[in-house]
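First the structure, in the form of structure tokens, and then the observations on it.
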Amino acid sequence: MAVNNQALTVFESQNVQTLAELAPQSYKENQVSHFRCIEAGKSLLERVKREGMSDILDMEIAKFIEKAKLTVKKMNGKRTPVTQLFDQIRKVYTTMENEVDPTKVTSVPGQLQAYRNAFAQKKHEEEEHRRREENARLAKENAKKRYRSDVEDDYVRQFNALVNNSINELTEMDKQINLDNYEIIYDGIKNYNCDLPDTWFQTAACGALRPAELSSDECRAIQANVMAGLVQRFKEQFQFEASSTRDDILDRMPSKKKELERITKVSAEEAAKIKAQIEAKEREEAIRKETERLEREKQEAAAAKLASEKQEMDGLFGAPVAVPVGYQPKTLVKKKVMVRSADDIMAIVAFWWSQVGCTLTMEELTKEFKKQITFANTAANSKDTPMFINNVHYEDEVKAK
């Protein structure tokens, strides 16, 4: 074990004897000086209260204050040898404590703690980097899922519009039938192409908004992949919707022709009634077909929404929780302000004022800004270039010398 030579010196018998001799004597003498000074001062205070201040009394008080200053100096000189020994003893103890205190940067435990802090900082940064990369990966995966769903919704919307246009074309042809163009319209409807053109898949442009996490090439790849998965479904659905509408019209056309022929053989009033009945039947049939088609679209949209919500929930809760890999030292992570410029200081002061300063009393604020107030006083009392703060009140402070 290392020997503390300073401690051995302080605790030498002669020093202990000196302390034992000086301490009682210096305390007794200072106590006497203290008592005499206080008594003399109280006597002058009583006179001031009783007589009030006068030139003669002011001069007596001035002499007393000078004597009080000398008394303080004398008392200080008597206690200094004693307090110095106490200070040395305290320093021996505090030095030993500081040398094993981990909070002292120069101590051995403090140096070891510094290495631990640096190691913990490195591990923390590595974990933060890994966490950011994992979050970025998950964000990109979720963006892909959302974009895929948006792209599919956009293609479905465009496809439904195409189906509507085809059904409207057939319906419009049906409305234009009369006895003069019956055969032409019949052939046109019968030969109507109910196959979805391959060119539509090539010309359909995706209108889904591109996520910031994905590049243009990644978005184009998703669009192509989604479209490839919809080709067969769209072809079958288009063929079904168009052919069923076409066949329904063709099935009704013979009876419609008979009604048109009957119209030519009856009175104008009866013809108008028959024509109205035909139009009413066509409207009812169109409503029925449209209702069925909308119901199918609604079911498809509900299924697509359910799949999209499932993907979103999988993205939020389906991913495995990332855990630290390997040994992780226990750490306490706190945010620390890094002051890089004078503007940072001003921002910190403004923040402190908005959160704390504006709630303090004048006494508390004066104590908080004691150093700054002292600087302002020093600047105002400069003999060469006194400086004053605009809109701040100054008063003369007079002291007797």
Side-chain angles (χ1 to χ4, degrees), residues 151-208 223-224 226-305:
V151 168
E152 182 170 343
D153 290 344
D154 185 67
Y155 284 150
V156 169
R157 178 186 58 78
Q158 295 184 55
F159 172 76
N160 288 335
L162 181 66
V163 171
N164 288 340
N165 289 337
S166 299
I167 293 175
N168 290 337
E169 285 181 6
L170 289 167
T171 303
E172 191 61 31
M173 293 171 67
D174 184 30
K175 290 180 180 179
Q176 294 175 2
I177 294 176
N178 55 51
L179 292 176
D180 295 331
N181 65 8
Y182 180 85
E183 296 298 331
I184 297 175
I185 296 296
Y186 183 87
D187 290 340
I189 295 176
K190 182 178 181 181
N191 297 318
Y192 187 85
N193 186 9
C194 296
D195 294 327
L196 181 60
D198 290 333
T199 54
W200 183 83
F201 297 102
Q202 301 168 2
T203 57
C206 180
Q223 292 169 17
V226 171
M227 181 61 84
L230 294 173
V231 169
Q232 189 61 32
R233 167 188 159 186
F234 281 175
K235 284 184 176 182
E236 293 175 357
Q237 186 175 348
F238 185 87
Q239 203 279 334
F240 171 79
E241 297 286 358
S243 62
S244 61
T245 302
R246 179 198 62 188
D247 294 343
D248 286 344
I249 294 174
L250 292 174
D251 290 342
R252 295 195 313 270
M253 283 185 71
S255 61
K256 186 174 183 180
K257 182 180 179 182
K258 291 179 181 179
E259 296 293 337
L260 292 173
E261 290 173 344
R262 190 157 65 95
I263 288 174
T264 61
K265 299 176 182 179
V266 298
S267 63
E269 183 179 352
E270 185 67 19
K273 186 183 296 186
I274 294 172
K275 188 175 181 180
Q277 291 174 352
I278 294 174
E279 291 176 351
K281 288 181 180 179
E282 290 178 346
R283 283 196 299 270
E284 290 176 1
E285 183 64 19
I287 291 173
R288 183 184 67 80
K289 293 289 292 182
E290 182 65 12
T291 301
E292 291 177 355
R293 190 184 63 80
L294 291 176
E295 183 61 27
R296 285 195 298 273
E297 286 188 6
K298 183 178 179 181
Q299 291 176 358
E300 291 175 359
K305 182 179 179 182

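Counting from 1, the numbers follow the sequence of the chain as shown.
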(request) Only counting residues at least two apart or in another chain, list the ones meeting salt bridge (Lys or Arg N to Asp or Glu O under 4.0 Å) with K190. (result) none

(message) Which heavy atom of R233 sits nearest to which heavy atom of V156, and what is that distance?
(response) NH2-CG2, 3.8 Å

(message) I want to check something: taking the side chain as every heavy atom from C-beta on, are L179 and K257 in contact at a cut-off of under 4.5 Å?
(response) yes

(request) Mind checking salt bridge (Lys or Arg N to Asp or Glu O under 4.0 Å) for D198 and listing every partner two or more places apart, or none if nothing turns up? (result) K235

(message) Can you confirm whether K256 sits close enough to Y182 that some side-chain heavy atom of one is under 4.5 Å from a side-chain heavy atom of the other?
(response) no

(message) Please report the interatomic distance OH(Y155) to CE(M227), rounded to the nearest 0.5 Å.
(response) 4.5 Å

(request) May I ask you to decide if C206's main-chain N or O and D154's side chain share a donor-acceptor pair within less than 3.5 Å? (result) no

(request) Could you tell me the separation between the CG atom of L196 and the CG atom of L162, rounded to the nearest 0.5 Å? (result) 6.0 Å

(message) Nearest 0.5 angstrom please: E172 CD to K175 NZ, how far?
(response) 5.5 Å

(message) I need the minimum non-hydrogen distance between S244 and F240, along with the two atoms involved.
(response) OG-O, 2.8 Å

(message) Test your reading of the model: is there a side-chain donor-acceptor pair from D174 to the backbone of L170, 3.5 Å cut-off?
(response) no

(request) Only counting residues at least two apart or in another chain, list the ones meeting ring pair (Phe, Tyr, Trp, His ring centres under 6.0 Å) with F159. (result) F234

(message) Quick check: closest heavy atoms across R246 and Y192, and the distance to 0.1 Å?
(response) NH1-O, 3.8 Å

(request) Report the distance from atom CE of M253 to atom CE of M173, rounding to the nearest 0.5 Å. (result) 8.5 Å

(message) Quick check: do V163 and F238 have side-chain heavy atoms less than 4.5 Å from each other?
(response) yes

(request) Evaluate side-chain contact (heavy atoms from CB on, under 4.5 Å) for Q239 paired with D195, printing each intermediate quantity in order. (result) CA-CA 5 Å; Q239 203 279 334; D195 294 327; 3.7 Å; yes

(request) Please examine the side chains of S166 and E241, heavy atoms only from C-beta on, and report whether any two atoms are closer than 4.5 Å. (result) no

(request) Inspect the surroundings of CD1 in I184 and state if more than 12 heavy atoms from other residues, nucleotides or ligands are less than 6.0 Å away. (result) no

(message) Treating D248 as the side-chain partner and T245 as the backbone partner, does any N or O pair qualify as donor plus acceptor under 3.5 Å?
(response) no

